[in-house]
Q: 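The structure is given below, and queries will be raised subsequently.
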Amino acid sequence: MILDAALRRAITTTLGDDYRDTDPLIRPSQRPQLGDFQANAAMSLGKQIGTDPRRLAQQIAEAVTRELSAIAEPPEVAGPGFINIRLKPEALAEMLTAVDTAALGITPDPDTRPIAIDLCGVNIAKQMHVGHLRSTIIGDALARILERRGRRVHRENHLGDWGLTIAMVLRELRASKADLDALVLDDLDAAYRRAQHQCARDTNADAAAKEVLVALQQGDADVRRDWQKIIDVTMQAVYESFDLLGVKLGPENNRPESSYRDQLPEVVDAFIQAGLAQEDQGALIIRFDDRDRPLIIRKSDGGYLYSTTDLAAVRYRVQQLDASRVIYVVDARQRDHFRDVFDAVRRIGWDLLADGTRAQLVHVPFGAVLGADRSPLKTRSGENVPLATLLKKAIERGALEVKKRAADPAAPTHGLDPRQLDQIGRAVGIGAVKYADLSSDLVRDYLFNLDRMIAFEGNTGPYLQYAHARVCSIFAKANVDPQEVGDAGFVLKDGSERQLALLLLRYAGVVADTARTLEPHRLCTFLYDLANAYSSFYERCPVLKAQSEPLRRSRLRLCGLVRRVLADGLDLLGIEAPQRM
RNA sequence: GCGCCCGUAGCUCAGUCGGAUAGAGCACCGGUUUCCUAAACCGGGGGUCGCAGGUUCGAGUCCUGCCGGGCGCGCCA
């Protein structure tokens, strides 16, 4: 922005053209009493050149004073060489006006190539559980953030619909003569577990399962029909969960493992041809110089593994989808696996895009969801908690809280239709779960605690939704359409108004940072700061009863902008923002 | 054994490319409502940033070693 350019010029003026590309390191001020922004470059520069950083800061500050005089107070040097800058109120108002557009200041990513995100990854014949929850929520949020900057995103649901485990289930169903037309997911889930058990103990069952697999792979009509049925049953429940979660996923995002099956021999061949694969104990492996662990791409019985499919999938995403970033939102335990797969891909050159550049292959690892006992969340019987159960609980809880509040005659939700309240409750419950999932560093394990995540205090989804609802309430009270606050001039006198304005200016940058780092908690932290700043403003500054009409209109417009940024930010996280709650 | 990740207040977590006196929330203590949603706001106490070295004008952040916890390591996905 303006400050950055001005500081860059000041650095060049002071130190010469060699320093033209020096980043002035402008950051929001850590101490609002000292300024709005701070430039940190003088200290490291002073070290590089061997001059006193404080004196250098002084020189840079002087060089920039005149240029900034229209928009800022004279910069002040403090501490070991910080340059503190405070904007003049009119300049701040002008900048705020500039971001008060439909795009909220967000500019399109200069890179316009598509992106592929591997997310969800459900397994056929199994219930979705908490692991799928994280991959789905995080993947969808990242997709929304990247799309917001104009990128085309392919959400790739890499369904586990192939391989021995599926064949084991099919064998089990046939052995127990199950009526596949009457099948529901619970039956399938049970069959899945029985099948695992049987085949582990009974070599006959295992052999039979392998026969089913061969039949499936050879396109046996009966087996294929049954196979399709269990896919349909599983996916029906999956789509219901997608609907409850409000993620932008559907049948069009399915790219199952089976869709790569014809390519597997060719994938392996390519590695052999390139001299990158070797036989070892009957299996075909890829070795790496810097690790003992090889990547097995073909079993000694000639079968393929998930690593083979993953190699085919990366190639497809780079070469067919033309994705310049291929993102995997998968459990952190698979770090080593993706490291190996990506390295193999780079070696054979399948990360090469049509334009000659290399695609960025990135694994976004996330931690486990832990129960109250700090071990991965399980039911009493020791099984994974089904996603449907968990979502149902969250929704019930959200509805309970919303209805409790609506009982108060003074509440804006009082007297609403119970179905409307349920809808709001759903948004609150689901929003709480999603926000809890996204708001801390993804790689850390997190404690699933419904009480905490649905609390309306602290860094939670409901708190942000509440802040948004309060803004909406002002507009409802004023009987003004939030879209039509017009072009009133911003009057930013109160400290809380300034803070709000400074935060709003940062939104576009935060979205860009989040898109770059693929760390949604950055956006969460920002939105929480914004909601906090709004709450302070709300306490201090009457809007509808402001002392003067210009002030009233300024504050109304400020509220409108806050509302849009909150709603937009929540939308990027895949969280609904009800007007009332 | 080898490798990866994590360790910040009693609890749950932030901390940007190495920058000022390490910040929030919960819990605890105190205050605020004739006023737009008190599901809120304002204030207070609470820290050996796992430990020890090192690099640096400056380290929660970078390097080395150690301690503690988690996870992964050839034909499951």
Side-chain angles (χ1 to χ4, degrees), chain A residues 23 25 27-31 34 38 40 43-44 46-47 52-54 78-82 84 121 123 160 162-165 196 257 280-285 291-301 303-307 309-310 331-337 339 365 367-368 374-375 401-402 404-405 408 410-413 428 436 439-441 443-447 449 451-453 455-460 462-463 465-467 469-478 510 513 517 519 521-522 524-525 528-529 532 535-546 555 559 580-581:
Chain A
D23 186 344
L25 298 175
R27 303 278 179 267
S29 185
Q30 284 174 31
R31 296 165 194 284
L34 296 180
Q38 57 186 57
N40 297 342
M43 290 170 289
S44 51
K47 181 177 177 178
D52 175 26
R54 219 191 131 92
F82 298 96
N84 291 318
N123 297 312
W162 202 244
L164 188 57
T165 40
Q196 294 270 334
E257 287 180 339
D280 193 278
Q281 298 167 40
L284 199 71
I285 64 168
R291 71 204 75 153
D292 294 335
R293 176 188 67 241
L295 181 67
I296 303 177
I297 59 172
R298 192 178 65 201
K299 298 192 282 185
S300 50
D301 69 1
Y304 304 106
L305 302 99
Y306 71 126
S307 57
T309 311
D310 275 337
D331 193 316
R333 286 177 300 185
Q334 295 196 37
R335 263 188 158 126
D336 289 345
H337 169 68
R339 189 162 170 232
R374 299 195 150 273
S375 64
E401 298 291 339
V402 167
K404 206 160 68 185
R405 175 66 184 169
D408 180 352
T413 47
V428 170
S439 58
S440 62
D441 191 0
V443 81
R444 299 176 68 127
D445 295 347
Y446 87 89
L447 229 57
N449 180 340
D451 286 335
R452 196 194 302 278
M453 54 181 76
F456 295 82
E457 305 90 24
N459 190 5
T460 69
Y463 177 78
Q465 289 171 320
Y466 174 62
R470 281 173 115 188
V471 191
C472 291
S473 187
I474 287 183
F475 286 100
K477 211 89 175 182
V510 169
D513 276 352
T517 59
E519 293 175 354
H521 78 278
R522 290 170 186 262
C524 294
T525 303
Y528 178 59
D529 289 344
N532 251 329
S535 289
S536 298
F537 160 79
Y538 185 90
E539 294 296 321
R540 294 173 52 91
C541 302
V543 177
L544 300 179
K545 294 180 182 167
R555 287 180 177 167
C559 285
R580 285 179 287 191
M581 60 185 279

Q: Mind checking A:Cys524 for me? I need base, sugar-phosphate or nothing, with any heavy atom below 4.0 Å counting as a touch.
A: nothing

Q: Contact class for A:Tyr538 vs. all strands (heavy atom < 4.0 Å): base, sugar-phosphate, or nothing?
A: base

Q: Using a 4.0 Å heavy-atom cut-off, does A:Ala78 contact any base of the nucleic acid, only the sugar-phosphate backbone, or nothing at all?
A: base

Q: Does A:Arg444 place a side-chain N or O at less than 4.0 Å from the phosphate oxygens OP1/OP2 of B:A14?
A: yes

Q: Base, sugar-phosphate, or nothing: which does A:Asp441 touch, judged by heavy atoms less than 4.0 Å apart?
A: sugar-phosphate

Q: Under 4.0 Å between a side-chain N/O of A:Tyr463 and OP1 or OP2 of B:C41, yes or no?
A: yes

Q: Taking any heavy-atom pair under 4.0 Å as a contact, classify A:Glu257: base, sugar-phosphate, or nothing.
A: sugar-phosphate

Q: Scan every strand shown for a Watson-Crick or G-U wobble partner of B:A24, both distances under 3.5 Å, and answer none if you come up empty.
A: B:U12

Q: Using the P atom as the reference point in each nucleotide, state the distance between B:A14 and B:G25 in Å, no decimals.
A: 16 Å

Q: Contact class for A:Pro294 vs. all strands (heavy atom < 4.0 Å): base, sugar-phosphate, or nothing?
A: base

Q: Counting only heavy atoms not in A:Arg522 (residues, nucleotides, ligands), do more than 12 fall under 6.0 Å from its CZ?
A: yes

Q: I'd like to know whether CG of A:Asp301 has more than 12 heavy-atom contacts from other residues, nucleotides or ligands below 6.0 angstrom.
A: yes

Q: Does B:C36 have a Watson-Crick or wobble partner in any strand here, with both distances under 3.5 angstrom, and which is it?
A: none

Q: Students often get this wrong, so: under 4.0 angstrom with heavy atoms, is A:Asn84 touching a base, only sugar-phosphate, or nothing?
A: base

Q: Select base, sugar-phosphate, or nothing to describe what A:Asn449 touches, counting heavy atoms under 4.0 Å on all strands.
A: nothing

Q: How far, in whole Å, is B:A22 from B:G47 if one measures between their C1' atoms?
A: 9 Å

Q: In whole angstrom, give me the gap between the P atoms of B:U55 and B:C63.
A: 15 Å

Q: Which part of the nucleic acid, if any, lies within reach of A:Ala469 when heavy atoms closer than 4.0 Å are counted: base, sugar-phosphate only, or nothing?
A: base

